[in-house]
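Keep in mind that this is a model prediction, so the values were computed, not measured. For reference, positions follow the sequence shown, starting with 1.
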Amino acid sequence: MAKLNARDEARRAAREVDGTSRSDYSEALERGLLVLTAFDHTAERLTQAQLARKLELPRATVRRALLTLAHLGYVVTDDKAYRLAPKVLTLASAYLTTNPVSQVLQPECDRLAELFGASCTAAVLDGPSAVMIARALPRHTLPIGAGLGFQVPAAQSALGLVLLGGLDEERRHHHLVTHAGLDEDGIAALEKKVTEVAEAGCAYVANEVEAGFHSAAVPLRRWDGTPIAALNVGTSIERISEAEMRERVLPVLRETSDELQPQLV
């Protein structure tokens with residue numbers, strides 16, 4: 001049997017914690033999905049060799065996954081490389097059309113984007129990232145770049161810190177140990193930061209995800225008080241000052257969160 005690399009060992013350890021037995025788990029499906037999600041705005045075209053290096057998987061494994069995904073219509077060949085096919089949108093659309101949270105949040109994102117002349121995003125936690133499930137840009141902004149499904153690092157973004165703050169202490173620690181990629185001191189420092197965000201009920205982050213960009217976020221809770229998503233407003237520091245973000249934007253975000261809570265089930 002081939003020796004497991006560090007990433008595979010971490011995945012198997014996480015499954016053991018989650019209680020998933022080896023007989024109930026399909027590593028072939030896992031690796032196929034890893035290949036599918038390896039493409040992003042910085043890597044739109046990838047060869048088999050590039051994917052194998054990026055995912056730390058055997059090239060033969062990547063080849064089988066790519067050929068299967070191509071047969072199913074989720075990737076297409078582009079010279080000697082591969083890129084995502086439009087069919088992958090059906091995966092996202094299925095989630096968005098069946099998830100009532102996204103449907104409730106999109107109109108509010110539209111409203112806040114126009115109110116502040118800034119981007120407004122709702123996101124959920126997915127592994128090491130905060131994934132956008134609703135997003136709006138003001139009319140004067142060209143719709144270029146991040147959109148639905150885009151991911152930002154949970155440990156560095158206002159959205160992500162709020163989402164991490166919604167986890168109980170045990171789940172938070174396990175999540176950070178599994179996904180943050182930090183040593184013990186780094187985990188402890190991040191846990192302290194997330195705890196402060198949870199106690200404040202909001203997060204403000206500047207120049208972390210993108211230089212010159214800052215954002216403020218609050219948790220979105222369902223009717224019984226359980227945190228299920230996060231809502232933020234983000235823009236350049238020149239457009240809205242830090243003081244405005246804290247004194248004008250955050251109160252509106254909190255008010256919007258309170259108004260949405262009865263609708264989130």
Side-chain angles (χ1 to χ4, degrees), residues 2 4-12 14-15 18 20-103 105-106 109 121-137 142-154 157 159-160 163 175 178-179 181 209 229:
L4 293 178
N5 61 36
R7 186 176 299 187
D8 280 338
E9 289 178 347
R11 290 182 190 129
R12 287 193 175 178
R15 291 201 297 273
D18 293 338
T20 304
S21 68
R22 181 175 300 182
S23 61
D24 292 331
Y25 196 89
S26 172
E27 289 193 349
L29 176 58
E30 177 194 36
R31 291 176 174 183
L33 292 172
L34 286 172
V35 168
L36 194 62
T37 55
F39 298 89
D40 57 33
H41 70 289
T42 65
E44 298 176 358
R45 297 172 67 258
L46 291 167
T47 64
Q48 292 180 17
Q50 288 171 328
L51 280 163
R53 287 194 298 271
K54 183 174 184 178
L55 298 174
E56 298 178 16
L57 290 175
R59 188 165 175 175
T61 298
V62 171
R63 178 178 178 275
R64 288 193 298 270
L66 283 169
L67 291 177
T68 302
L69 291 168
H71 176 74
L72 295 174
Y74 291 107
V75 300
V76 295
T77 56
D78 187 352
D79 193 14
K80 294 182 179 181
Y82 290 81
R83 57 182 174 81
L84 296 180
K87 189 176 180 181
V88 297
L89 294 174
T90 61
L91 302 176
S93 64
Y95 173 81
L96 294 172
T97 56
T98 58
N99 181 10
V101 174
S102 298
Q103 298 176 39
L105 296 180
Q106 187 59 54
C109 287
T121 303
V124 294
L125 189 63
D126 183 22
S129 306
V131 181
M132 300 177 185
I133 60 171
R135 179 161 169 81
L137 299 172
L142 292 175
I144 298 174
L148 297 184
F150 187 78
Q151 302 178 7
V152 292
S157 61
L159 283 167
L163 291 167
H175 189 282
T178 303
H179 298 294
V209 177

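Scanning both residues, Leu46 and Ala38, for their nearest heavy atoms gives CD1-O, 4.0 Å. Counting all heavy atoms, side chain and backbone alike, Thr121 lies closest to Arg135 at OG1-NH1, 2.7 Å. Residues Val124 and Ala229 come closest through the heavy atom pair CG1-CB, 4.1 Å. When all heavy atoms of Gly32 and Leu69 are compared, the pair lying nearest together is O-CD1, 3.7 Å.
Under the side-chain contact (heavy atoms from CB on, under 4.5 Å) criterion, Glu44 pairs with no residue, sequence neighbours left out. Scanning for side chain to side chain donor-acceptor pair (under 3.5 Å) contacts around Gln106 gives Asp110, with sequence neighbours left out.
Distance check: Thr47 OG1 to Arg53 CZ gives 6.0 Å after rounding to the nearest 0.5 Å. One finds the SG atom of Cys109 at 8.5 Å from the CD1 atom of Ile133 (value rounded to the nearest 0.5 Å). With rounding to the nearest 0.5 Å, the separation of CG in Leu51 from CZ in Arg63 is 14.0 Å. Taking CG from Leu163 and NE2 from His175, the interatomic distance works out to 9.0 Å, rounded to the nearest 0.5 Å. Atom CZ of Arg59 is separated from atom CG of Leu66 by 10.5 Å, given to the nearest 0.5 angstrom. Note that the CG atom of Leu55 and the CZ atom of Arg31 stand 10.0 Å from one another [nearest 0.5 Å].
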Side-chain polar contacts of residues 74-87 - donor-acceptor pairs under 3.5 angstrom, sequence neighbours left out - could you list them?
unit_1: Asp78; atom_1: OD2; unit_2: Arg45; atom_2: NE; d: 2.9
unit_1: Asp78; atom_1: OD2; unit_2: Arg83; atom_2: NE; d: 3.4
unit_1: Lys87; atom_1: NZ; unit_2: Leu72; atom_2: O; d: 2.7

